[in-house]
Amino acid sequence: MGFILLVELDFHTGANMSQLYKDDHDDWVAVCLKYLLFIFNFLFWVGGAAVMAVGIWTLIDKSDYLSLLASSTFAVSAYILIFAGGLVMITGFLGCCAVIREQRSCLSAYFSCLLLIFLIELVAGVLAYVYYQRLSEELKQHLNHTMTENYAQPGKNHITHAIDRLQQDELIRKTNLAHESLP
């Protein structure tokens, strides 16, 4: 009877030791995943800030070119970049908070935002594919028409200024390409 009691005690102690090891292992994995998710969300937030910065830069630096375009596609795309960057930044921040607080409601909101971003990107990709050729042709035709009909005309100073700036930017770009190709 003493032998059976000893075996049961060893078996019971052994089970506790393996359970403790398993809990420690699971805790280590959870901590690693938590830090990886936090780093991912921080990089996601930085990416959103970069997209937003490109949208703002487009509106500020390239606003002269808006008078050359027939449609407001250029301006709308810049606003879309700003909105998308803001949404990604909010989602990244929400993800960081969800990881730190470990709350189910924060994680659900984070997942919903990620799903929304994915659906927006899917729609934007399909629209870009469908309308790319049409927009490219429309832009070329209208730009050509605007340059020939409105350049240096009275009351069209903003168009003349935009065309001059476009030509200066293109000259600078070509000059930089020529210098890069020299040995």
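Each salt bridge (charged side-chain N to carboxylate O under 4.0 Å, His left out) pair with one or both residues in residues 33-52, not counting sequence neighbours, appears once here: K34-E102. Every pair tested for salt bridge (charged side-chain N to carboxylate O under 4.0 Å, His left out) that includes a residue from residues 115-128 fails, sequence neighbours excluded, so the list is empty.
One distance of note links CD1 of I120 with SG of C113; it measures 9.5 Å at 0.5 Å rounding. The distance from atom CG of L114 to atom OG1 of T91, rounded to the nearest 0.5 Å, is 6.0 Å.
Taking Ile, Leu, Val, Met, Phe, Trp and Tyr as hydrophobic and joining them when side-chain heavy atoms fall under 4.5 Å apart, one finds W57 isolated, its cluster having no other members.
For the side-chain contact (heavy atoms from CB on, under 4.5 Å) test, residues two or more places apart in sequence or in another chain that qualify with L127 are V123, Y131. In this structure F93 satisfies the ring pair (Phe, Tyr, Trp, His ring centres under 6.0 Å) test with no other residue, sequence neighbours excluded.
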Do any side-chain atoms of residues 40-48 form donor-acceptor pairs under 3.5 angstrom with protein atoms, and if so which ones, sequence neighbours left out?
from: N41; atom 1: OD1; to: Y110; atom 2: OH; distance (Å): 2.7
from: N41; atom 1: ND2; to: L37; atom 2: O; distance (Å): 2.8

Side-chain atoms of residues 79-89: list all donor-acceptor pairs with protein atoms under 3.5 Å, sequence neighbours left out, distances to 0.1 Å.
none

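In plain terms, the two heavy atoms of C106 and L94 that are nearest each other are O-CG, 4.2 Å.
Put simply, I60 and M52 are part of the same group of oily side chains (I, L, V, M, F, W, Y) that touch within less than 4.5 Å, one to the next.
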